[in-house]
Amino acid sequence: MQELFQNEIDVKKQNIFQSEVEIIGDFDLKKIENSGEVFRFNEVGNGIFCTIAFGRVLYIRKKFNQTDHAIYEISCSKQEFMDIWYDYFDLSTDYEKIRNMISKEDKFLYNAAEYSKGVRILIQDPWEMIVSFVISQRKNIPAIKKAVETLCECAGNLIDKDKKIYSFPTPEQMYNMSEEDWNKCALGYRTKYLKTIVEQFYYKEITIASLQELDDDKLYNKLLDLYGVGPKVASCIMLFGFHRLNSFPKDVWILRILEEQYNNNFDLDKYSPYNGVIQQYMFYGSLELGRKV
DNA sequence: GACCAGGTGTCCG
DNA sequence: CGGACACCTGGT
């Protein structure tokens, strides 16, 4: 907390914002932060959000609202925003259109989607998603975030010397981690999963490029083959790393909703090809049912 | 100090 | 194949 506060002061001092962009449609930074899909995305104070991805850091803050769009201050050039962050935030997908597919008859889902308005499915680095979601198992979100940051500090590149921000390590960087590094990360039984996966990617027995070519079913099965990756983690990797919007991760919260709200009769394929977006609305809606952020 | 956290591998019927 | 059970560690 102290570090974040320090970070905020630094941001102000350096007047970090460089340009402005207009963003149209569903877009809520706080909701994205709490949507559970991203682990290096944090509010650092005063409405300023910081996210680290693709070896870059972005600071972004809403400046003001117009009726159908909003203006955001950003720490990069407009050009970089269009080249990198436009896709990251999935700004070419019309989430309002997806929300409008939900019938009012389904009261729970309709309310959940209203409540979640502004959540988007970020397009994140597939490798980072594989590693992060293997780490995520049987951890709460603060613990996941901490573990990911420690891993980045151990093996990533220093991309901001002042604020000590590190990039997410590549398979090569993780392959070269010492035993001491692994111990520092304190990943417990997940370490052996990651070591195995890292080795496969290091020796190019599997590549991200080859995975990207696969259709949903084949990709799912290929991910399941990875040591330490089960159905839930594979679905998350597909949704958040490969942007397979039909992938429907079922964690404890979703299972609870499917049982309590739908008596286990929810048609998981009803909103194809956007079942994963619907899942995300349900998951964010679980905040109202007692899930903690 | 328990108890549990966005699960998965393993073993057993 | 479905159901138990152990599992590292840290947060509440």
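To find a chain, count down the sequence lines: A is the first, B the second, and so on, and within it residues start at 1.
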K.L.:
Salt-bridge test for A/Glu114 and A/Arg99: reply yes if a basic N is under 4.0 Å from a carboxylate O, no otherwise.
P.N.:
yes

K.L.:
Under the rule for side chain to side chain donor-acceptor pair (under 3.5 Å), what residues qualify as partners of A/Lys164, not counting sequence neighbours?
P.N.:
none

K.L.:
C/dC7 and B/dC3: how far apart are their C1' atoms, nearest whole angstrom?
P.N.:
15 Å

K.L.:
Going by side-chain contact (heavy atoms from CB on, under 4.5 Å), A/Val148 matches just one of A/Leu151, A/Ile144, A/Thr150. Which one?
P.N.:
A/Ile144

K.L.:
Counting Watson-Crick and G-U wobble pairs whose two distances are both under 3.5 Å, find the runs of 3 or more in a row that involve DNA chain B.
P.N.:
B:2-5 with C:9-12, B:7-13 with C:1-7

K.L.:
Check DNA chain B against residues 248-270 of chain A and give the residues with a non-hydrogen atom under 4.0 Å, in numerical order.
P.N.:
A/Asp251, A/Val252

K.L.:
Between C/dT9 and B/dG1, how far is it from one C1' atom to the other, in whole Å?
P.N.:
15 Å

K.L.:
With no hydrogens and no angle check, just 3.5 Å: does a side-chain donor-acceptor pair link A/Glu37 and A/Ser35?
P.N.:
yes

K.L.:
Taking NZ in A/Lys31 as the centre, count heavy atoms belonging to other residues, nucleotides or ligands within less than 6.0 Å. Is the count above 12?
P.N.:
yes

K.L.:
Please say whether the positively charged group of A/Arg120, taken as NZ for Lys or CZ for Arg, lies over the ring of A/Phe89, i.e. under 6.0 angstrom from the six-membered ring centre and within 45 degrees of the axis.
P.N.:
no

K.L.:
Compute the centroid of each ring, for A/Tyr220 and then for A/Phe242, and state whether the two points are separated by less than 6.0 Å.
P.N.:
no

K.L.:
Counting only non-hydrogen atoms, which of residues 125-149 of chain A are less than 4.0 Å from DNA chain B?
P.N.:
A/Gln137, A/Arg138, A/Lys139, A/Asn140, A/Ile141

K.L.:
Contact boundaries of DNA chain B with chain A (under 4.0 Å, heavy atoms), 5' to 3'?
P.N.:
B/dA5 to B/dT10

K.L.:
Taking 4.0 angstrom as the limit, do A/Arg61 and A/Glu73 come out as a salt bridge?
P.N.:
yes

K.L.:
Tell me if the aromatic rings of A/Tyr59 and A/Phe17 count as close, with their centers under 6.0 Å from one another.
P.N.:
no

K.L.:
Side chains of A/Tyr274 and A/Thr93: any donor to acceptor distance under 3.5 Å?
P.N.:
no

K.L.:
Between A/Tyr175 and A/Tyr202, what is the ring plane arrangement, given parallel below 30°, perpendicular above 60°, and tilted in between?
P.N.:
parallel

K.L.:
Using a strict 4.0 Å threshold on nitrogen-to-oxygen distance, state whether A/Glu149 and A/Lys146 make a salt bridge.
P.N.:
no

K.L.:
With no hydrogens and no angle check, is any side-chain donor or acceptor of A/Thr191 less than 3.5 Å from a backbone partner on A/Ala186?
P.N.:
no

K.L.:
Does anything in residues 178-200 of chain A come within less than 4.0 Å of DNA chain B? Heavy atoms only, and list the residues if so.
P.N.:
A/Tyr189, A/Tyr193

K.L.:
Can you tell me how far C1' in C/dA6 sits from the matching atom in B/dA5, rounded to whole Å?
P.N.:
16 Å

K.L.:
Answer yes when A/Arg56 and A/Glu80 have at least one side-chain N-carboxylate O distance shorter than 4.0 Å, and no when they do not.
P.N.:
yes

K.L.:
Aromatic rings A/Tyr271 and A/Phe266: how do their planes relate, parallel, tilted or perpendicular, breaks at 30° and 60°?
P.N.:
parallel

K.L.:
Quick one: on DNA chain B, does A/Gln279 or A/Gly228 contact a more 5' nucleotide (nearest heavy atom)?
P.N.:
A/Gln279

